[in-house]
Amino acid sequence: MEDQMSFNSPRRTLSYSRNRGATFSVFEADNKASSVGVSGEHGPNPSEVYGFVGAISTVVATVIFMVWAYVPDPWLHSIGIFYYPSKYWALALPTYAMVTIVTMFLFYIGLNFMSTPPPTSLNSIYDENSKDPVCFDPALVEDDRPIEPYSDIGIDQINELMFKEWK
């Protein structure tokens, strides 16, 4: 039922009239000068708003962290701040975060090594996606022969190319 009802904004009507070569409208100049847009056409994207809020929050959190970590306790007490975490955590939290990130990278690399078959396994050579080369009729003239589809190169051909004695 919503498809049957449509609302035309003045901006849409003006854009249709401009495309047809219609005359100048007074409302067009007023609409540009007022900078009041139709809902949904103007305004920031949600990702822009989240990015802006995230950037401001990061700066504020960094300033609070630096004040907590570097300002001496008597100065904080003189301005009325008595309850705050121990200064030990100013060093411990970043250290724990960095160790966690390095450990995650090491586990990820180790998991990849564990899931990769060894070089001597036949699974390294042939798998479900291996394609044997297709041979065409050699009697065809070179120009009439179709382009060969892609396929895997056999290990015997690779060994012959790589390990044959150089003459």
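This is a predicted model, so every value here is computed, not measured.
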Would you mind listing the cluster partners of Ile109? Hydrophobic ones only (ILVMFWY), side-chain contacts under 4.5 Å, chaining allowed. Phe113
Tell me, please, which residues at least two apart from Phe82 pass ring pair (Phe, Tyr, Trp, His ring centres under 6.0 Å). His77
Distance, nearest 0.5 Å, that separates CG of Asn45 from OH of Tyr50: 11.5 Å
Linked hydrophobic residues, Val102 as query - side chain contacts closer than 4.5 Å: Leu106
Could you walk me through whether Ile56 and Phe52 pass the side chain to side chain contact (heavy atoms under 4.5 Å, CB included) check? CA-CA 6 Å; Ile56 297 297; Phe52 179 74; 3.9 Å; yes
If a pair satisfies side chain to side chain donor-acceptor pair (under 3.5 Å) and one of its residues is in residues 101-113, list it, with sequence neighbours excluded. none
Check side chain to side chain contact (heavy atoms under 4.5 Å, CB included) between Leu91 and all other residues, then give those that pass, not counting sequence neighbours. none
Set of residues satisfying side chain to side chain contact (heavy atoms under 4.5 Å, CB included) with respect to Ser86, sequence neighbours excluded: Tyr88, Trp89
Kindly list each side-chain donor-acceptor pair under 3.5 angstrom involving residues 64-73, sequence neighbours excluded, with atom names and distances?
residue	atom	partner	partner atom	Å
Trp68	NE1	Pro85	O	2.9
Asp73	OD1	Tyr84	OH	2.7

Under the salt bridge (Lys or Arg N to Asp or Glu O under 4.0 Å) rule, what pairs show up with a residue in residues 45-65, not counting sequence neighbours? none
Going by the salt bridge (Lys or Arg N to Asp or Glu O under 4.0 Å) test, which pairs reach into residues 97-116, not counting sequence neighbours? none
Kindly state each residue pair satisfying salt bridge (Lys or Arg N to Asp or Glu O under 4.0 Å) with at least one member in residues 91-100, sequence neighbours excluded. none
By the salt bridge (Lys or Arg N to Asp or Glu O under 4.0 Å) test, which pairs, at least two apart or in different chains, include something from residues 49-59? none
Clusters formed by hydrophobic residues whose side-chain heavy atoms approach within less than 4.5 Å: which one holds Met104, and what are its other members? none
